[in-house]
Structures are given as C-alpha cells and as structure tokens.
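Single-structure report; data block below.
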Protein chains: 2
Amino acid sequence: MQSRSSAARATGRPRSAAADAAILEATRAALVELGWSRLTLGDVAMRAGVAKTTLYRRWAGKNELVVDAVAELFDELELPDSGSLAADIEGVVLQFAAILDRPEAKSGLMAVVAEATRDEALRERVRASIVDRQKRLVLEGRARAQARGELPVEDDPAAAAATVDLIFDMVAGAVVHRTLVSAEPVTEDWARRFAQMLLQGLTNTSPA
Amino acid sequence: MQSRSSAARATGRPRSAAADAAILEATRAALVELGWSRLTLGDVAMRAGVAKTTLYRRWAGKNELVVDAVAELFDELELPDSGSLAADIEGVVLQFAAILDRPEAKSGLMAVVAEATRDEALRERVRASIVDRQKRLVLEGRARAQARGELPVEDDPAAAAATVDLIFDMVAGAVVHRTLVSAEPVTEDWARRFAQMLLQGLTNTSPA
DNA sequence: GTGCTTTCGATACGAGTCGTAGCGTAACGG
DNA sequence: CCGTTACGCTACGACTCGTATCGAAAGCAC
C-alpha cells in the first residue's frame, strides 16, 4: 500500500479502508476469470463497486495494483518447525506451491515479474512485498538447522549472505519453474525428492 | 512457425520468408525498446516494413508472435563437452544466463509464461519451442556423466524421467529466478557455487 | 505467354480501453 | 459550521485492437 508517508494527512475525509480491501479482492477475482492481459481497471472498479477514479487515486496502474493484490496471498507463508531440515524444506515447498497453484497467483505473479524487468520502481515493490517475505523463511530455516548442527556455520558474513541467496534462488526457482513453466504439479513425492536432492546433492543419490 | 501442415499448398504466391525474418527481428527490437505491455502489433508491422494484415495472416496474436521471436534466441544453446559434470553444468548455466540477460528475452519470456498459464495451446507452443530445447541439454549432460561414471544409472525408466525433470527444474529455475526475480547477475562465481551446491548438496559444503 | 491462385500493401472501420478532467455530494476534523 | 479531502458519476480524446475490403503483385501449371 502507499500509506500517505508516515505523517498521514489528518484533515478531510479519510480514505475508505473497506474500499481498499474490496478492490484487492476484486482484482484477484478478475485475475482468476480473465487473467492478466484481459484484466482492465474499469472492470475491477465495477466488481469492487467503486468508481474508476477512486482506483486511480490509490494505484498508479495495473502493475502496482496486481502486485499488492498478489502479495496478500503470501501472507500465510510461515516456517513449520518440523524438527529436521529436510522436513522444513518439504513443508515450505508445499506451502509455496499451494499458493502458486492458485490461478490468481499463477497469472498475476509472472506478469508482474515480466513488467518489473523494465521498471525499477516496480521491481523494488515486488522485492519488498513478495520476495523478501519468502527469503526470510530461508534465513530462519538455515539458522534453525545450524542450531541443530545440521548445517555448518559460515563465519564470513558476505559468504553466508551469498549462500542464503543461492539457496533461496534454488528453492523458489525450482518450485516456480515446476509450477509455471513445466506446468506440472508439486506433489508430496516431488517435494521429498527435491529436498533430498538439495541436501544430498546430485552425486549422492540414495534411492529413497 | 506454422508451416502449412506437411503437404504445403503448391499453388499461388508463396509467403515471403524474408518477411518472416523481418517480423521476428522487429518483434525483438520492439521488445527491447518497449517491453511486453507497450508492444503493439501495428508497431511491429511498421518496423518490419510489412502491412499489419500480413502479420495477422501468420500469427494469431501477440502471444504466439513473441514466443516465436524469443524461441530463436535459444537456438545457440548447446552442451559444451568440458570433461567433467561440474564444468558442464557451469557452462550451460552461463550460456543460459547470457541469453536471459538480453532485454528481449527478459521481458518477453516471462510475459509469455504468464499468458500460458491460461492458454493450453500457448503452453504447448512454449514447451515445444523453448522448454524442450533446454531439457535436451540435461538429458545429454546426464548421459555423459553416467558414461564417465560420475552419476549412478537408474534402471527404472519412470524414476529416471522424474529425476531428469527434477534436475531440469532446479537448474533452469535457479537461473531464471536469479536473473528475473532476484534481478542479480549470474557471474562465473555464482555458477561455480551453484554447480557445487547441486552436486554436493547443502550439507556437504566444502568452502571452495 | 495466359490464367489461376494466393499473398501483399493500403486503407478504413466499430469496438473497446486508457488515463484524466470536471462536478456535485459525502464524510471527517477543528 | 466550515474547510478539506475522498467519492461517484459522466464525459472526453487518444490509442489499440482485429477484421474487411480492394487492387496489385508473384509464383505455378499449362
């Protein structure tokens, strides 16, 4: 959202919070029915029972609106404390996949990422609203695994950050690619195989 | 392309092959300058020096056109025979990343994938034109590594296919996510770390 | 060459979307 | 009660879409 800076304007009629919620909900519904390309802001406004001008007063355009609408889907993401690193990975992968499987996430997320390649501000918005929320799970899971002694501790903070980024891109990338590009479902079996592959590596394949 | 079935019509004026090339090239140029959302077919036609009707005669719409235009970028992909699995992986990753780094691939590919989530025919087109071409590299690299004794041979063909799919999603997914979502460059160092992580796994981290 | 067939370039068209402007009304705070 | 801002509504010019139509051009069979 674009919370009117920190010192919010105290005078005048306040913006309807209900309208915000209705608009974002309507955006997701429109994404499900129409997909990204056929989604129009006029249609969203009508679904939300809101004038088109109200919509433009709060969001700069389609891109920003859809980022916010999709970002809310990732609110439910949380790291399950399963007791082992392998189980943690499987749990996060299945959660992430369940969100990506929803049609409003499928069509919206990739389209926004595509637009973000040419728009620095939008890229930053995606990072803050969606990506960072996911990456935090990697940080937490890694810390827990290190506390359990399942993973070695890296002293060099720069190297540690690079490792976290690498793991993040591998986990999130694999799930996204499987779901959206290969268009195959992320089953429990796939998550198990993935976690084992990530932990043991390609060469140490012990048939489950 | 949509080669008029196998038994091509032999009579009448043949379609200009030069126009095909000019249109695809113009599409890539427009992707670079305008990105996906601002790209219009009228503009592409003008750039290619072709009437808009000619364009619509060959492609059903923006989606199909961009798939073909982007697919050509992946023609140069090939598996370098480096002598070791790790080096092969690094080589492919760097090649793939180099293509993804081009702006016409960045903005075009993700947008098409997003549209494909709601269009079965388009999804099949993407698979045939782009995905399968990449997956072949995994198959070849795996076969070579098995011949060298670097990887175990799986007897069950179904399990082997699942493994190939898993590896493919992990490699391609990581590179795509790193490049387009995290928006960070795939350097030689990153490729090296990735290959080691994929081969040795998360637990067997030996600081390079 | 002479037809026949299909493509090509050009133009025009209705339909739909865009983002903005104007205006009167509604909802708050001092 | 009054100033300020949000809201709903309508209308607008500009643009893109995909299609239709037409005469001209290019190849192939004969």
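Protein chains get the first letters and strands the later ones, always in sequence-line order, with residue 1 at the start of each. Heavy-atom basis, side chains included; hydrogens, waters and symmetry copies ignored.
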Inset, instruction - Establish, for the pair A:Lys62 and A:Trp36, whether the NZ or CZ atom is under 6.0 angstrom from the six-membered ring centre and no further than 45 degrees off its axis. - result: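 Ring-cation test returns yes.
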Inset, instruction - Give a yes/no on whether any side-chain N or O of A:Thr54 is located under 4.0 angstrom from OP1 or OP2 of D:dG8. - result: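 For D:dG8, OP1/OP2 do have a side-chain N/O of A:Thr54 under 4.0 Å.
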Inset, instruction - Could you tell me whether B:Arg193 and B:Glu188 have a side-chain N and a carboxylate O separated by less than 4.0 Å? - result: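 Judged by the 4.0 Å cut-off on N to carboxylate O distance, B:Arg193 and B:Glu188 do not form a salt bridge.
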Legend entry - Carboxylate-amine/guanidinium contact B:Arg38 B:Asp43, below 4.0 Å: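 Answer for the salt bridge query: no.
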Expressed as a whole number of angstroms, how long is the span from [X]:[atom1] to [N]:[atom2]?
{"X": "A:Asn63", "N": "C:dG19", "atom1": "CG", "atom2": "C1'", "value": "14 Å"}
{"X": "A:Asp43", "N": "C:dT17", "atom1": "CG", "atom2": "C1'", "value": "11 Å"}
{"X": "B:Ile23", "N": "C:dT7", "atom1": "CD1", "atom2": "P", "value": "13 Å"}
{"X": "B:Arg15", "N": "D:dA25", "atom1": "CZ", "atom2": "P", "value": "21 Å"}
{"X": "B:Tyr56", "N": "C:dT7", "atom1": "OH", "atom2": "P", "value": "18 Å"}
{"X": "A:Leu39", "N": "C:dG16", "atom1": "CG", "atom2": "C1'", "value": "15 Å"}
{"X": "A:Lys62", "N": "C:dG16", "atom1": "NZ", "atom2": "C1'", "value": "13 Å"}
{"X": "A:Leu41", "N": "C:dT20", "atom1": "CG", "atom2": "C1'", "value": "13 Å"}

Inset, instruction - Would you classify B:Ser16 as touching base, sugar-phosphate or nothing, given that sugar-phosphate means primed atoms plus P, OP1 and OP2, and contacts are heavy atoms under 4.0 Å? - result: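 The answer is sugar-phosphate, as B:Ser16 gets under 4.0 Å only of primed atoms, P, OP1 or OP2.
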Legend entry - 5' priority, DNA chain C, between A:Arg38 and A:Thr53 [closest heavy atom]: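 On the 5' side of the pair lies A:Arg38.
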Legend entry - 5′-ward residue of the pair B:Gly49/B:Lys52 relative to DNA chain C: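 Final value for this comparison: B:Gly49.
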Inset, instruction - Assess whether atom CZ of A:Arg133 is packed by more than 12 heavy atoms of other residues, nucleotides or ligands within 6.0 Å. - result: yes
Inset, instruction - May I ask you to decide if the ring planes of B:His177 and A:Phe168 are parallel, tilted or perpendicular, using 30° and 60° as cut-offs? - result: perpendicular
Inset, instruction - Spell out yes or no: do the side chain of A:Arg57 and the base of D:dA6 have one donor N/O and one acceptor N/O closer than 3.5 Å? - result: no
Inset, instruction - Mark yes or no for a side-chain to base donor-acceptor pair under 3.5 Å between A:Arg13 and D:dT5, with no hydrogen or angle criteria applied. - result: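 Under the 3.5 Å cut-off, the side chain and the base do not form any donor-acceptor pair.
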